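Here is the structure we will look at, set down as structure tokens.
Computed from a predicted model, the values in this text were never measured in an experiment. Every chain is numbered from 1, with letters handed out A, B, ... down the list of sequences.
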Amino acid sequence: MSGPHDDVLSIGELSRRTRASVRSIRHYEQSGLLDAARTSTGHRRFTADDVETVRRIRLLLDGGLSLAVIAKVLPCFADEGATLDACVAEYLRDHLHTVQERIAHLDRQRESITRLQQLVSA
DNA sequence: CTTCTTACA
DNA sequence: TGTAAGGA
């Protein structure tokens with residue numbers, strides 16, 4: 001028997017289990033974050049471990065990390081669970097810095113816009 | 001109906 | 001990422 005409870009999943013099943021779109025999953029594989037086997041007809045076959053991996057990817061993506069960085073950070077996850085290894089600290093620190101710079105930039109733009117609005121003749 | 005690739009918005 | 005196209 002085979003069904004949605006086996007450890008071999010189609011891209012559609014992986015998508016439903018992770019809430020990640022089929023399109024995104026194909027993209028993660030292209031980016032080297034996922035390693036999918038292929039059937040004789042070329043269809044991707046995933047495993048139960050991939051469900052966890054996709055969830056981790058989404059977790060990192062929520063933090064704004066790029067897929068390129070996520071590829072390097074993924075192996076920093078302690079097996080099972082969502083605990084991160086210390087090797088991620090460096091990437092997290094760098095990313096937080098760039099995010100803060102973007103916030104500062106946007107802050108300056110906001111102030112500029114406010115000043116420009118003062119020049120608008122009612 | 002599901003998946004695949006390529007390509008464009 | 002979404003979606004369209006054209007097949008398998």
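Atom CZ of A:Arg38 sits in a crowded spot, with more than 12 heavy atoms from other residues, nucleotides or ligands closer than 6.0 Å.
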If you apply the rule side chain to side chain contact (heavy atoms under 4.5 Å, CB included), what do you find for A:Arg56 with A:Leu74, and how did you get there? CA-CA 7 Å; A:Arg56 291 172 176 178; A:Leu74 228 38; 4.1 Å; yes
Evaluate A:Glu29 against A:Ile25 for side chain to side chain contact (heavy atoms under 4.5 Å, CB included), listing each step before the verdict. CA-CA 6 Å; A:Glu29 189 211 4; A:Ile25 292 172; 5.8 Å; no
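From A:Leu61, atom CG reaches atom OG of A:Ser24 across 8.0 Å, with rounding to the nearest 0.5 Å. Note that the CD1 atom of A:Ile70 and the CD1 atom of A:Ile57 stand 6.5 Å from one another [nearest 0.5 Å].
Note on A:Arg26: a base of the nucleic acid sits closer than 4.0 angstrom, heavy atoms only.
Screening A:Leu84, A:Asp85, A:Val88, A:Thr83 against A:Phe77 for a side chain to side chain contact (heavy atoms under 4.5 Å, CB included) leaves a single residue, A:Leu84.
For DNA chain B, no neighbouring residue in residues 45-61 of chain A is found when judged by any heavy atom under 4.0 Å.
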Close N or O pairs between protein and nucleotides 2-6 of chain C (under 3.5 Å):
residue	atom	partner	partner atom	Å
C:dG2	OP2	A:Ser21	OG	2.6
C:dG2	N7	A:Arg23	NE	3.1
C:dG2	O6	A:Arg23	NH2	3.0
C:dT3	O4	A:Arg23	NE	3.3

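Using a distance-only test at 3.5 Å, with no hydrogens or angles considered, a donor-acceptor pair links the side chain of A:Thr53 to the main chain of A:Asp49. A:Asp50 contributes a side-chain N or O that, together with a main-chain N or O of A:Thr47, makes up a donor-acceptor pair within less than 3.5 Å. No donor-acceptor distance shorter than 3.5 angstrom exists from the side chain of A:Ser31 to the backbone of A:Leu33, with no hydrogens or angles considered.
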Quick one: side chains of residues 97-106 of chain A, donor-acceptor pairs under 3.5 Å with protein atoms, not counting sequence neighbours, listed by atom name and distance.
residue	atom	partner	partner atom	Å
A:Thr98	OG1	A:His95	O	2.8

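Scanning DNA chain B for stems, defined as runs of 3 or more consecutive Watson-Crick or G-U wobble pairs whose donor-acceptor distances all fall under 3.5 Å, gives the following ranges: B:4-9 with C:1-6.
With sequence neighbours excluded, the residues forming a side-chain contact (heavy atoms from CB on, under 4.5 Å) with A:Thr41 are A:Thr39, A:His43, listed by chain and number.
Nearer to the 5' terminus of DNA chain C, by closest-nucleotide assignment, is the contact made by A:Leu67 (compared with the other of A:His43 and A:Leu67). Taking the nucleotide of DNA chain B with the nearest heavy atom to each of A:Ser10 and A:Gln30, the more 5' of the two is matched to A:Ser10.
Ion pairing of A:Glu13 with A:Arg44 is absent here, as no side-chain N (NZ or NE/NH1/NH2) approaches a carboxylate O to less than 4.0 Å.
A donor-acceptor pair shorter than 3.5 Å can be found between the side chains of A:Arg58 and A:Tyr28.
Bounding nucleotides for the chain A contact on DNA chain B, 5' to 3', at a heavy-atom distance below 4.0 Å, are B:dT3 to B:dT5.
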